[in-house]
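All remarks here apply to the structure that follows.
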Amino acid sequence: MSGSGTDRTLGGGLLVAGTTSDAGKSVVTAGICRWLARKGVKVAPFKAQNMSLNSYVTREGAEIGRAQAMQAAAARVEPTALMNPVLLKPGSDRSSQVVLLGKPVGELSARGYHSGRQERLLGTVTDCLTELRRTHDAVICEGAGSPAEINLRRTDIVNMGLARAANLPVVVVGDIDRGGVFASFFGTTALLSAADQAHLAGYLVNKFRGDVTLLEPGLDMLKELSGRPTLGVLPFRHGLGIDEEDGLHVSLRGAVRESTVAPPHGKDILRVAVAAVPLMSNFTDVDALAAEPGVVVRFVDRPEELADADLVVLPGTRGTVRALQWLRERGLADAVARRAAEGRPVLGICGGFQMLAEHIEDEVESRAGAVDGLGLLPVRVRFAQEKTLARPEGTALGEPVAGYEIHHGVADVREGDETFLDGCRVGSVWGTHWHGSLESDGFRRAFLRRVAAAAGRAFVPAPDTCFDALREEQLDALGDLIEEHADTEALLRLIENGVPAGLPFVPPGAP
């Protein structure tokens, strides 16, 4: 693949923007990456700025968004900090931790970030993109939210600001399942300045149901109105969402993703209830459980919803003390304590592990000082200024296991019936800081056998469930979606040749 734009020393590039958040940018970016990788193209994903509580630790110990890690898997390359130079981790409605090149650099309010800090990061962002383009044939960039947020355009470094700075062509994705996709495409275009519109090269319709011939007259009219083609109509497919970044992509009391629970391998199913705590992070930890035949995973927020659960999971959170208060206010803390007293299984992961402790000392995250934990594990937690970012490996329950750690809380494990990764087990209560451990197939099966025994269920884990293989199937399905339903020749031209000349201006443009 030749270089793109004006600098032939760089690999090609494309920015995938969206009419809204959750329009399908992450999925389309991953799909394009997998399609190109299967063609033998050395491709990398890139997202200049990501706001997410779902993050991942790279091999060099850098924290990036999980969506970019999954896009790297789609591209068949190792994820690095270059692929997501700015990560914002919300701590409240008004402030976020800023992670720069994989390391936290402080907390900023939304006003503080957009009033100057963001603009100063544009050089860092473009340097990272340039380095990726120097070492790859193509880089597929993902935007954030909508490129037509006119109140934020001056400080934008992830949508049209990046496209202009790096001379990238832009394709806008719209979710037709929400309705109003033609108005969204046209309105997005018409709210951009003439200079920004000069980079917007076409549209992609996402999540279409029905006969595409009924849509074609509208696509023709959209081209007449905007002067830009629609480069594909992607059909609605269940279960194609990769690791989300903008929040919990299921309603409370809804099943994980849109997955269908396969029949159990043994006689019984196993029910898993995940407490939907505030500022939940890395809820993707339970995806591996949901992938097991016969395991039903649900997010819950009421104590009565724990009654029929065979396993309760307290997941990670960006606000351990706040989540602990939430559990107590809703009566969930008492319900979890009753379960533990009855010998019914509970698993705490990262922030959930910290909540199970006897005592928490937090002058960093919540600044609440000394706080009593649930007291279900013999652990004392102290929050440190420096964040732990690690990729541990080891053995647990007689099986090899790997994971990743992202936390400020340092756990002092005093005793316990059994060590459990970096945490411990007491009775039927388990706690660890390790995210992703359940993706290790042998360990997951061993853990589920222990849970089933404690819950009195005749549940048997399927012996052949391979989580990595299921991920690969999902990523291949995304590649198929692009290859079969997008105008791949047009996409290749944009990636290789850059911004098309002569794209028309659609009035009125940015005010």
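With Lys25 contributing its side chain and Gly145 its backbone, the two residues share a donor-acceptor pair below 3.5 Å. Between the side chain of Asp308 and the backbone N or O of Arg271, no donor-acceptor pair lies under 3.5 Å. With Lys47 contributing its side chain and Val158 its backbone, the two residues share no donor-acceptor pair below 3.5 Å. The backbone N or O of Gly403 sits nowhere less than 3.5 Å from a side-chain atom of Ser437 that would complete a donor-acceptor pair. Between the side chain of Asp417 and the backbone N or O of Gly427, at least one donor-acceptor pair lies under 3.5 Å. One N or O on the side chain of Arg339 and one on the backbone of Ala309 form a donor-acceptor pair closer than 3.5 Å. Looking at Asn54, its side chain never comes within 3.5 Å of a backbone N or O of Gly65 through a donor-acceptor pair. Judged purely by atom type and a 3.5 angstrom limit, Ser428 uses its side chain to pair as donor or acceptor with the backbone of Arg344. Judged by distance alone, the side chain of Ser96 and the main-chain N or O of Val98 form no donor-acceptor pair under 3.5 Å. A donor-acceptor pair is defined here as one N or O able to donate and one able to accept, closer than 3.5 Å; no such pair exists between the side chain of Arg318 and the backbone of Pro278.
At least one side-chain heavy atom of Leu311 sits less than 4.5 Å from a side-chain heavy atom of Phe447. Between Thr419 and Cys424 the shortest side-chain heavy-atom distance does not fall below 4.5 Å. Contact of the His408 side chain with the Gln97 side chain is registered, since non-hydrogen atoms from C-beta on lie closer than 4.5 Å. With a 4.5 Å cut-off on side-chain heavy atoms, Val297 and Asp287 do not count as touching. With a 4.5 Å cut-off on side-chain heavy atoms, Leu53 and Phe283 do not count as touching. Counting heavy atoms from C-beta outward, Pro79 and Gln68 have side chains that stay 4.5 Å or more apart.
For the pair Glu399 and Ala446, the tightest heavy-atom approach, listed with the atom from each and the gap, is CG-CB, 4.1 Å. Closest non-hydrogen pair, Val277 versus Leu327, comes out as CG1-CD2, 4.3 Å. Summarising the geometry of Met83 relative to Ala44, their closest heavy-atom pair is CE-CB, 4.3 Å, with the distance given to 0.1 Å. What you find for Asn84 and Val86 is that their closest heavy atoms are ND2-O, 3.0 Å. Summarising the geometry of Leu162 relative to Ala48, their closest heavy-atom pair is CD2-CB, 4.3 Å, with the distance given to 0.1 Å. Annotation for Thr58 and Ala81: closest pair CG2-N, 4.3 Å, computed over non-hydrogen atoms.
Atom CD1 of Ile406 is separated from atom OG of Ser281 by 7.5 Å, given to the nearest 0.5 angstrom. To the nearest 0.5 Å, atoms CD1 (Ile64) and OH (Tyr56) are separated by 8.0 Å. Taking CG of Leu87 as the reference point, atom CZ of Arg66 lies at 13.0 Å (rounded to 0.5 Å). One finds the CZ atom of Arg237 at 6.5 Å from the CG atom of Leu481 (value rounded to the nearest 0.5 Å). Here the CG-CD1 distance, from Asp285 to Ile349, works out to 4.5 Å after rounding to the nearest 0.5 Å. Interatomic distance, CG of Leu10 versus OG1 of Thr135, reported as 10.0 Å (0.5 Å rounding).
Remark: Glu418 CD is packed, more than 12 non-hydrogen atoms of other residues, nucleotides or ligands lying under 6.0 Å away. Counting non-hydrogen atoms of neighbouring residues, nucleotides and ligands closer than 6.0 angstrom, the CD atom of Glu304 exceeds 12 such neighbours.
Between His433 and His407, the angle of the ring planes stays under 30°, which puts this pair in the parallel group of the 30/60° scheme.
Cation-pi geometry between Arg425 and Phe420 is not met: the NZ or CZ atom fails to fall both under 6.0 Å from the ring centre and inside 45° of the normal.
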Could you walk me through whether Asp137 and Lys42 satisfy the salt bridge (Lys or Arg N to Asp or Glu O under 4.0 Å) test, starting with their C-alpha distance in whole Å, then the side-chain angles of each, then the deciding distance to 0.1 Å, before giving a yes or no? CA-CA 5 Å; Asp137 299 327; Lys42 187 179 181 183; over 6 Å; no

Using the rule given for side chain to side chain contact (heavy atoms under 4.5 Å, CB included), can you reason through Val286 versus Phe299, listing the C-alpha separation, both sets of side-chain angles and the distance that settles it, and then say yes or no? CA-CA 10 Å; Val286 299; Phe299 290 90; 4.2 Å; yes

CA sep, side-chain torsions, deciding dist, call: Thr29, Gln71, side chain to side chain contact (heavy atoms under 4.5 Å, CB included): CA-CA 7 Å; Thr29 300; Gln71 289 162 355; 3.7 Å; yes

Given the rule in the side chain to side chain contact (heavy atoms under 4.5 Å, CB included) test, do Leu234 and Phe208 qualify, once you have shown the distances and angles that lead to the verdict? CA-CA 6 Å; Leu234 309 182; Phe208 179 72; over 6 Å; no

Start with the C-alpha distance between Asp412 and Arg414, add both sets of side-chain angles, then the distance that settles side chain to side chain contact (heavy atoms under 4.5 Å, CB included), and finish with yes or no. CA-CA 6 Å; Asp412 177 13; Arg414 302 296 177 93; 2.8 Å; yes

Does Ser26 form a side chain to side chain donor-acceptor pair (under 3.5 Å) with Glu142? I'd like the steps, not just the answer. CA-CA 7 Å; Ser26 295; Glu142 180 187 344; 2.7 Å; yes

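Every pair passing salt bridge (charged side-chain N to carboxylate O under 4.0 Å, His left out) that includes a residue from residues 372-387 is listed here, sequence neighbours excluded: Glu63-Lys387.
Checked for salt-bridge contact, Arg444 and Asp441 meet the test: a charged N lies under 4.0 Å from a carboxylate O. Between Arg298 and Glu305 there is no salt bridge, since no side-chain nitrogen of the basic residue lies less than 4.0 Å from a carboxylate oxygen of the acidic one.
In the model, Arg178 has a side-chain atom that pairs as donor or acceptor with a side-chain atom of Thr20 under 3.5 Å.
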For residues 358-370, dump all side-chain donor-acceptor pairs below 3.5 Å to protein atoms at least two apart in sequence or in another chain.
{"residue": "His359", "atom": "NE2", "partner": "Glu361", "partner atom": "OE1", "Å": "3.2"}
{"residue": "Asp362", "atom": "OD1", "partner": "Val364", "partner atom": "N", "Å": "2.9"}
{"residue": "Asp362", "atom": "OD1", "partner": "Glu365", "partner atom": "N", "Å": "2.7"}
{"residue": "Asp362", "atom": "OD2", "partner": "Ser366", "partner atom": "N", "Å": "2.8"}
{"residue": "Asp362", "atom": "OD2", "partner": "Ser366", "partner atom": "OG", "Å": "2.6"}
{"residue": "Glu365", "atom": "OE1", "partner": "Thr320", "partner atom": "N", "Å": "2.9"}
{"residue": "Ser366", "atom": "OG", "partner": "Ala368", "partner atom": "N", "Å": "3.2"}

